[in-house]
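Structure, as C-alpha cells:
Letters go in sequence order (proteins before strands), and every chain restarts at 1. Every value quoted in this text rests on a predicted model; they were computed, and no experiment measured them.
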Protein chains: 2
Amino acid sequence: MAKVSKKELIIQHSRKLFSELGYELTCLESVAKECSITKPAIYYHFKDKATLYKAVVSPEFTALAKRIEESTQRGSAVERLRSYIHTFGEFLISNPDFSAIFAREIANGSRTIPDECIEQLSRSIKQLVNILYTGVQEGIFKEESAFLVQMMIVTPLISYHTTKPLREKIAKFAQNETITLDPQFRNITESLSEKIIKGLQC
Amino acid sequence: MAKVSKKELIIQHSRKLFSELGYELTCLESVAKECSITKPAIYYHFKDKATLYKAVVSPEFTALAKRIEESTQRGSAVERLRSYIHTFGEFLISNPDFSAIFAREIANGSRTIPDECIEQLSRSIKQLVNILYTGVQEGIFKEESAFLVQMMIVTPLISYHTTKPLREKIAKFAQNETITLDPQFRNITESLSEKIIKGLQC
DNA sequence: ATAGTTTTACTTACCGTTTAGTAAGGACAG
DNA sequence: CTGTCCTTACTAAACGGTAAGTAAAACTAT
C-alpha cells in the first residue's frame, strides 16, 4: 500500500465530495473531517478552496488526455475513433468521480474550469479533429464538426453515470412500459460507439 | 403587451438567474433586486427558495413534454423520431434558460428535481419507447435502450447550448487546427438527428 | 354611498446559521 | 533552534428566512 501524503489525502477526499455535492455545497469543514484533520490544515496545503478544486480536477483532465492520445495513434480512422470512445468510456469507469465533476463544468458554462484543464481538453479534441479529418480523406466519414462529435461521445457517457437515480425515478413513473433500465456501462460505451461510427460513415 | 403579474415576474427573473448561476449561487436578494422589490416580497409569493425553484422549472418540463407528445403522434417510426429530436432542439432554442437548468439537474444526479418534472420526463420517454418499439416492429430499427437513445439526443443538444464559452476557450488552444467552431443550433439539431437515425437503423 | 373591517401585497429591520478564510501559537523532527 | 505541519479560537460576510408593521385595495354592513 503506497503511503499517501496528507496533501494527496485531502485531494482524494475532496474529490469525492466535490463530485457528490458540487463545488458550492462541498464545505472544507467536511473535507477536513473526512481526512481527520481540521479545516485550517487544508489552508496550510492549499491557498484557498478554488486552488484545492484545481488540484483535484487538473490531474484527471491530464490523465484523460494522455490516455486518449496514447490509444488513438494507430489504425484506420474507424479504429481510432472506436478507441477514442472506448478509452473515454473506460476512463469514466476507472475514475468514478470524474463524470459528475465534468458534467457540472459543462452545465456551468465552464466559468470555473481551470485553464490547464481546457488545455488538456483541447489535446483530446485535436486528436479527434485529426481522426475525423483522416476519415474524410479516406472517404469513409462525412465531414462533421468535431465539437458536435465530441458532445455526442462525451455527454451521453457522462450522463449515463450521473443519471442513475434519475433513470430509476423515471422508470417508476413508466411502469407499464418496458424500459430497459440499466444496461452495463461497458455495453453502453460499445452501443454508443457503434451508433456514432455508423452515423458518421458515408 | 400582456401585463404580467408580480408572481410571474419573480418566476421569470429567477429563471434567468437560476439558469446562469445555478440554484446555490442564485440568491433571493438579487432576484428581488431584478424585480425591483425586496426579498421578503418573494416570501409572500413563495414558501421558500425550493418552492420558487419548482415554480420556475415545472412549467418548462410540462411544456416540453406536451410539445413532444403533440409532434410525435403521426408518421413512420423514422419520421416520428426525427420529429422528437427536432421538437426538442426547437424547444431549447425557444426556451434559452432551460438547457443550463436541465444540464445541472443531470449533473446533480437529480436530487433536487421535483417529482412533477420527473413525471413529465417520463411522458417524453414513453413516447420515445413507443417510437423505438414501432421501429423495431417495422424492421427498421435495431433494438436499443430508450434511455441511451434519450441521452444521445438530449445531452449533446443541451450541452451545445451550455458550452459555448468552453468551446471558444478550447478553440483558442487549438488555433493551428481547423475547428468548425460554432455552427448554428438548428444545423446541429439536424446533423445530430441524421446521425442518430442512421446509427439506429438496421 | 360610506364608514368600518379585512385582505393583499408589500416594506424595514432583524436573526441565526453557515462557511470561507485568518491569526496565533504549539508539537515535533532534524 | 528552526522549519514543517498542524491546532484552537476567531472574524467577517453572505444568505435563507422571519417578525412586525403599513399603505392601499376590496369587501361588508348599515
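Residues of residues 11-26 of chain B that place a heavy atom closer than 4.0 Å to DNA chain C do not occur. Within residues 45-57 of chain A, the residues having any heavy atom closer than 4.0 Å to DNA chain C are, in order of number, A:D48, A:K49.
Here the side chain of B:A41 is nearest to one of D:dG16, C:dA20, C:dC10, namely C:dC10.
Partners of B:E29 by salt bridge (charged side-chain N to carboxylate O under 4.0 Å, His left out), not counting sequence neighbours, listed by chain and number: B:K39. By the salt bridge (charged side-chain N to carboxylate O under 4.0 Å, His left out) test, B:E194 pairs with A:K142, sequence neighbours left out. In this structure B:K54 satisfies the salt bridge (charged side-chain N to carboxylate O under 4.0 Å, His left out) test together with B:E116, sequence neighbours excluded. Annotation: salt bridge (charged side-chain N to carboxylate O under 4.0 Å, His left out) contacts of A:K6 (sequence neighbours excluded): none. Shown here are the side chain to side chain donor-acceptor pair (under 3.5 Å) partners of A:E60, two or more places apart in sequence or in another chain: A:R15, A:N95. Remark: A:E143 pairs with A:V136 by the side-chain contact (heavy atoms from CB on, under 4.5 Å) rule, at least two apart or across chains. Shown here are the ring pair (Phe, Tyr, Trp, His ring centres under 6.0 Å) partners of B:F141, two or more places apart in sequence or in another chain: there are none.
Protein atom OH of B:Y43 is 7 Å distant from nucleotide atom P of D:dT18, rounded to whole Å. Here D:dG16 presents its P atom at 9 Å from CD1 of B:I42, a figure rounded to the nearest Å. D:dA13 atom C1' lies 13 Å from atom CD of B:E29, rounded to whole Å. Separating the NZ atom of A:K39 from the C1' atom of D:dC5 is a distance of 18 Å, rounded to the nearest angstrom.
Distances shorter than 4.0 Å separate none of the side-chain N or O atoms of B:Y44 from OP1 or OP2 on C:dC10. Applying the 4.0 Å criterion to OP1 and OP2 of C:dC10, one finds that B:T38 has every side-chain N and O outside that range.
Nucleic acid contact class of A:K6 (heavy atoms, under 4.0 Å, all strands): sugar-phosphate only.
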Next item on the list: List the protein contact pattern of nucleotides 24-30 of chain C with one symbol per nucleotide (5' to 3'): B for base contact, S for sugar-phosphate-only contact, - for none; contact means a heavy-atom distance under 4.0 Å.
Entry: -------
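A side-chain hydrogen bond (donor to acceptor under 3.5 Å, both in side chains) check over residues 68-89 of chain B, counting only residues at least two apart or in different chains, returns the pairs B:E69-B:R123, B:S71-B:T87, B:T72-B:Q127, B:R80-B:N130, B:Y84-B:Q150, B:H86-B:E190. Residue pairs meeting the salt bridge (charged side-chain N to carboxylate O under 4.0 Å, His left out) criterion with at least one member in residues 89-102 of chain B, sequence neighbours excluded, are B:E90-B:R186.
Outside the 6.0 Å centre-distance limit, the rings of B:Y53 and B:F46 are not counted as a close aromatic pair.
In this structure, B:R67 fails the cation-pi test against B:F88, since its NZ or CZ atom is not both closer than 6.0 Å to the six-membered ring centre and inside 45 degrees of the ring normal.
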